[in-house]
Visitor: 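Pasting a structure below so you can have a look.
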Amino acid sequence: MALRAAVAAPRGLRRLFSTSPFSSSLNPPQRPQAEPSTNLFVSGLSKRTTDETLRDTFSAFGEVVHAKIVKHRESGYSKGFGFVKYATLEAAGKAIEGMDGKFLDGWVIFVEYAKPRQPPTLPSQNNTNFQYGRQ
DNA sequence: ATTGAGCGT
């Protein structure tokens, strides 16, 4: 299964295979490291991995402010990826170095900086503000 | 209701 996960690996693995002479400056990777953030995107998770497991695993690298597995709203069924937010950028960096490409619940996971979830929006009438992408 | 690309109810 680790093999399957490795094959299904998202672009997180590309830097592990960045030995191509063409991937230096002539052919830059489409998605280099996202801009550093305290917020991390974690993919490749087992569908049985929970928020607790995520939080517990990543708290080894620093103070985890928020850890969440993305799942369907009603069914609660995991989508297989999640987000971890640290108190500091250094902790986030250490978590990437320490957990990217490693195993969790039998699956190879990939850790990278998360994209900001939503642009600054008008503080209008019915705004349920979930904003984890801010530092 | 375990099994797969991806960025959140």
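Since the model is a prediction, treat every value here as computed from it, not as a measurement.
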Visitor: Could you pull out all residues at least two apart from A:Thr53 that satisfy side-chain hydrogen bond (donor to acceptor under 3.5 Å, both in side chains)?
Guide: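 For A:Thr53 the side-chain hydrogen bond (donor to acceptor under 3.5 Å, both in side chains) partners, ignoring immediate neighbours, are A:Thr50.
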Visitor: A:Lys115 has a side chain; which of B:dG8, B:dC7, B:dA1 sits nearest to it?
Guide: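 Looking only at heavy atoms from C-beta outward on A:Lys115, the closest nucleotide is B:dC7.
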Visitor: Could you give the CD-to-C1' distance, from A:Glu112 to B:dG6, as a whole number of Å?
Guide: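 The distance from CD of A:Glu112 to C1' of B:dG6 comes to 9 Å, rounded to the nearest Å.
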Visitor: Any idea which of B:dC7, B:dA1, B:dT9 is nearest the A:Arg73 side chain?
Guide: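 Shortest atom-to-atom distance from the side chain points to B:dT9.
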Visitor: Calculate the interatomic distance between A:Tyr77 atom OH and B:dG6 atom C1'; express it in whole Å.
Guide: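 These atoms are roughly 16 Å apart.
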Visitor: For the side chain of A:Ser46, starting at C-beta, report the closest nucleotide among B:dG8, B:dA1, B:dG4.
Guide: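 Among the listed nucleotides, the one closest to the side chain of A:Ser46 is B:dG4.
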Visitor: Taking the nucleotide of DNA chain B with the nearest heavy atom to each, does A:Ala114 or A:Gly80 sit closer to the 5' end?
Guide: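 Taking each residue's closest nucleotide, the earlier one in sequence belongs to A:Gly80.
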Visitor: Sequence neighbours excluded, which residues qualify as side-chain hydrogen bond (donor to acceptor under 3.5 Å, both in side chains) partners of A:Thr49?
Guide: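 Partners of A:Thr49 by the side-chain hydrogen bond (donor to acceptor under 3.5 Å, both in side chains) criterion, ordered by chain and then number, come out as A:Asp105.
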Visitor: Determine if A:Phe81 stacks with B:dG8; use a centre-to-centre distance below 5.5 Å and an interplanar angle below 30° as the criteria.
Guide: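 Stacking is absent between B:dG8 and A:Phe81, given that the ring centres and planes do not meet under 5.5 Å and under 30°.
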Visitor: Strictly below 4.0 Å: does A:Lys79 bring a side-chain N or O up to OP1 or OP2 of B:dC7?
Guide: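 No, no such contact exists.
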Visitor: Excluding sequence neighbours, so at least two apart, what forms side chain to side chain contact (heavy atoms under 4.5 Å, CB included) with A:Ala95?
Guide: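 Scan of A:Ala95 (side chain to side chain contact (heavy atoms under 4.5 Å, CB included), adjacent residues dropped) gives A:Leu40, A:Phe58, A:Phe61, A:Tyr86.
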Visitor: Would you indicate which nucleotide in B:dG6, B:dT9, B:dG8 comes nearest to any side-chain atom of A:Phe83?
Guide: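 Looking only at heavy atoms from C-beta outward on A:Phe83, the closest nucleotide is B:dG8.
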Visitor: Name the residue closer to the 5' end of DNA chain B, choosing between A:Gly76 and A:Lys71 according to the nucleotide with the nearest heavy atom.
Guide: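 Counting from the 5' end, the first nearest nucleotide belongs to A:Gly76.
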Visitor: Mind checking if A:Leu40 touches a base, just sugar-phosphate, or nothing, with heavy atoms under 4.0 Å?
Guide: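 Nothing: the residue A:Leu40, judged by heavy atoms under 4.0 Å, touches no strand.
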Visitor: Could you list the residues that satisfy side chain to side chain contact (heavy atoms under 4.5 Å, CB included) with A:Ala114, not counting sequence neighbours?
Guide: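 Once residues adjacent in sequence are excluded, the partners of A:Ala114 under the side chain to side chain contact (heavy atoms under 4.5 Å, CB included) criterion are A:Asn39, A:Phe41, A:Phe83.
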Visitor: How is A:Ser75 classified with respect to the nucleic acid when contacts are heavy atoms under 4.0 Å: base, sugar-phosphate, or nothing?
Guide: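 Result for A:Ser75 = base.
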Visitor: Side chain to side chain contact (heavy atoms under 4.5 Å, CB included) with A:Lys79: which residues, sequence neighbours excluded?
Guide: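 A:Lys79: side chain to side chain contact (heavy atoms under 4.5 Å, CB included) contacts with A:Val70, A:His72, A:Phe81.
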Visitor: Of the nucleotides B:dC7, B:dG8, B:dT2, which has the atom closest to the A:Phe41 side chain?
Guide: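 Of the options given, the side chain of A:Phe41 lies nearest B:dC7.
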Visitor: Over how many whole Å does the gap from A:His72 atom NE2 to B:dA5 atom P extend?
Guide: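 Value for this atom pair: 15 Å.
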Visitor: Mind listing the residues from residues 47-59 of chain A sitting with a heavy atom below 4.0 Å of DNA chain B? Number order is fine.
Guide: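 Result for residues 47-59 of chain A: A:Arg48, sorted by number.
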Visitor: Rounded to the nearest Å, what distance is computed from the NE2 atom of residue A:His66 to the C1' atom of nucleotide B:dC7?
Guide: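 One finds 14 Å between C1' of B:dC7 and NE2 of A:His66, rounded.
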Visitor: Whether the side chain of A:Asp51 engages the backbone of A:Lys68 through a donor-acceptor N/O pair (distance < 3.5 Å, no angle test) should be reported.
Guide: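 Absent.
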Visitor: Separation of A:Tyr113 atom OH from B:dG8 atom C1', in whole Å?
Guide: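 The distance from OH of A:Tyr113 to C1' of B:dG8 comes to 19 Å, rounded to the nearest Å.
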Visitor: Verify the cluster assignment for A:Met99 and A:Tyr113: are they in a single hydrophobic cluster under the rule of side-chain heavy atoms below 4.5 Å apart?
Guide: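 Looking at the clustering, A:Tyr113 is in the same group as A:Met99.
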